[in-house]
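The structure under discussion appears below in the form of structure tokens.
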2 protein chains.
Amino acid sequence: MPTVSSEELAAAAGVNSAKLRKDFSYLGSYGTRGVGYDVEYLVYQISRELGLTQDWPVVIVGIGNLGAALANYGGFASRGFRVAALIDADPAMAGKPVAGMPVQHTDDLEKIISDNGVSIGVIATPAGAAQQVCDRLVAAGVTSILNFAPTVLTVPDGVDVRKVDLSIELQILAFHEQRKAGEESAADADAAAGPAVTKNQHRKGPDGDVPAVMPA
Amino acid sequence: MPTVSSEELAAAAGVNSAKLRKDFSYLGSYGTRGVGYDVEYLVYQISRELGLTQDWPVVIVGIGNLGAALANYGGFASRGFRVAALIDADPAMAGKPVAGMPVQHTDDLEKIISDNGVSIGVIATPAGAAQQVCDRLVAAGVTSILNFAPTVLTVPDGVDVRKVDLSIELQILAFHEQRKAGEESAADADAAAGPAVTKNQHRKGPDGDVPAVMPA
DNA sequence: AGCTGTGAACCGATTCACAGCT
DNA sequence: AGCTGTGAATCGGTTCACAGCT
């Protein structure tokens with residue numbers, strides 16, 4: 001399939017075709033009227049815009065189960081991410097191979113960051129260590145942090161933090177689950193006629209999240 | 001601190017106080033005019049509304065690094081989640097203790113689900129196994145699924161799926177990182193005067209995500 | 001004839017602003 | 001005097017609808 005229309009893409013993604021066209025238009029005019037979008041060209045343009053064509057060296061700090069899972073996660077490489085180093089505070093971990101890469105000790109954190117030109121750090125430590133690790137990462141030059149520890153991090157302006165709370169996703173499911181149990185009737189009109197379907201499964205779906213205000 | 005005003009909460013959460021009051025008002029009138037919200041009462045009401053006061057038995061299928069990390073994750077218990085069982089397809093894993101609980105074999109999946117009254121399942125298997133596991137979970141009565149496998153699952157209507165893609169969060173950071181490098185000037189007005197601050201670190205922050213349309 | 005790109009209309013969600021309660 | 005709860009105004013993002021290109 002060398003070419004694709006906004007209508008087809010919209011159907012596949014479960015969104016309105018006008019929205020899709022408008023969004024694409026912000027990246028430039030990459031479509032051809034009467035024809036559609038050239039798939040290969042479009043993929044390249046989107047990849048470039050999202051930074052997928054760049055090489056992003058990343059360090060993972062805290063090589064417990066979660067850190068190891070992240071190190072082994074296959075999805076990173078295909079998105080332009082390269083795990084440059086695994087760092088852990090436990091001396092017993094140092095040198096141990098995880099995902100085919102030796103774990104390094106926290107003592108060398110600063111050197112690792114600067115040697116590899118790392119600007120993105122992943123924190124998978126216990127909550128208690130997170131802020132301290134964060135401070136060192138930032139001091140060493142990291143400007144984006146992905147935080148899996150259950151703490152809100154304080155960072156200087158200019159540094160981005162994203163917090164991933166695994167239990168929040170479960171909580172959102174439980175919230176809907178609770179609703180299902182409550183109103184066995186309101187949903188019926190919707191749920192009535194229809195076999196297996198693939199809805200938008202990503203967060204921020206059209207059916208709404210838990211109110212944004214609720215604090216963690 | 002027995003009582004708190006919408007203004008204080010809003011400042012802490014980084015949102016507008018009117019929004020916070022309006023959101024709370026959907027749960028009922030739990031504040032006192034001239035005083036604020038009674039903290040303990042408010043916490044209870046929100047907990048109840050979100051389903052935190054209920055007990056949610058959950059099964060985790062696929063006990064690799066990620067599954068083990070989830071099993072060990074402390075945050076679940078405090079939100080009302082109880083890991084009822086760990087399930088893996090590898091016979092060698094069966095019986096092994098993970099997070100103080102023996103791993104059970106996939107053969108018993110249906111029995112485990114019904115014995116424990118599980119309605120929420122977590123899939124942490126490789127991509128190839130995910131849909132099959134999903135089908136069995138749904139057939140056994142699970143109506144909410146948290147999917148960590150890099151596949152979009154197809155489910156019957158009435159079943160909720162949330163997909164967590166760990167690389168997407170990194171991608172969002174890389175996207176902003178790229179911007180920082182590009183326009184060293186536009187951000188300056190914002191970044192200029194200010195020491196360490198704690199911004200809203202959760203997804204859907206005020207500074208926007210990557211356009212929702214972008215397909216995975 | 002077909003499909004993009006986009007101004008204009010629309011709509012839901014946020015914010016303002018204040019009446020009303022304590 | 002102080003703060004909630006909420007109508008009304010506002011805002012930003014989505015959708016409509018069509019001019020314009022191929």
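Below, read A as the first sequence line, B as the second, and so on, with proteins coming before strands; counting in each chain starts at 1. Note that the structure is predicted; figures quoted are calculated from it, not measured.
Summarising the geometry, the separation between CG on A/Leu20 and P on D/dG13 is reported as 17 Å, rounded to the nearest angstrom. One interatomic measurement links the two molecules: CG of A/Asp38 to C1' of C/dT4, which rounds to 14 Å at whole-angstrom precision. One atom, CG of A/Leu27, and another, C1' of C/dT4, lie 14 Å apart when rounded to the nearest Å. Atom-to-atom, NZ of B/Lys19 to P of C/dA17 comes out at 19 Å; the value is rounded to the nearest Å. Following rounding to the nearest Å, B/Tyr37 (OH) and C/dT22 (P) show an atom-to-atom distance of 14 Å. The distance between atom CG of B/Asn16 and atom P of D/dT4, rounded to the nearest whole Å, is 13 Å.
Residues B/Gln131 and B/Thr151 have side chains that never bring a donor and an acceptor to within less than 3.5 angstrom of each other.
Phosphate proximity of D/dT4 to B/Ser6: present, with a side-chain N or O under 4.0 Å from OP1 or OP2. For B/Ser5, no side-chain nitrogen or oxygen approaches OP1 or OP2 of D/dC3 to under 4.0 Å.
For CD of B/Gln132, the number of neighbouring non-hydrogen atoms (other residues, nucleotides, ligands) closer than 6.0 Å is 12 at most.
With A/Thr106 contributing its side chain and A/Asp88 its backbone, the two residues share a donor-acceptor pair below 3.5 Å.
Residue pairs that meet the salt bridge (Lys or Arg N to Asp or Glu O under 4.0 Å) test with at least one member in residues 53-64 of chain B, sequence neighbours left out, are B/Asp55-B/Arg82. Pairs passing the salt bridge (Lys or Arg N to Asp or Glu O under 4.0 Å) check and including a residue from residues 132-153 of chain B, sequence neighbours excluded, read B/Glu110-B/Arg136.
Base pairing in DNA chain D yields stems of at least 3 consecutive Watson-Crick or G-U pairs, both distances under 3.5 Å, namely C:1-22 with D:1-22.
A/Asp115 meets the salt bridge (charged side-chain N to carboxylate O under 4.0 Å, His left out) test with A/Lys111; sequence neighbours excluded. In terms of the ring pair (Phe, Tyr, Trp, His ring centres under 6.0 Å) criterion, A/Tyr44 has no residue partners (sequence neighbours excluded).
Taking the six-membered ring for Trp, B/Phe24 and B/Tyr30 have ring centres at least 6.0 Å apart.
A/Tyr30 comes within 4.0 angstrom of sugar-phosphate atoms only, judged by non-hydrogen atoms across all strands, and of no base.
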Problem set entry | Audit row: A/Asp160, B/Arg179, salt bridge (Lys or Arg N to Asp or Glu O under 4.0 Å) steps and yes/no | CA-CA 12 Å; A/Asp160 279 344; B/Arg179 296 248 149 155; over 6 Å; no
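Of the two residues near DNA chain C, B/Tyr26 and B/Val35, the one whose nearest nucleotide lies more 5' is B/Tyr26.
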Atom pairs under 3.5 Å: protein N/O with N/O of nucleotides 6-8 of chain C:
{"unit_1": "C/dG7", "atom_1": "O6", "unit_2": "A/Lys22", "atom_2": "NZ", "d": "3.2"}
{"unit_1": "C/dA8", "atom_1": "N6", "unit_2": "A/Lys22", "atom_2": "NZ", "d": "3.3"}

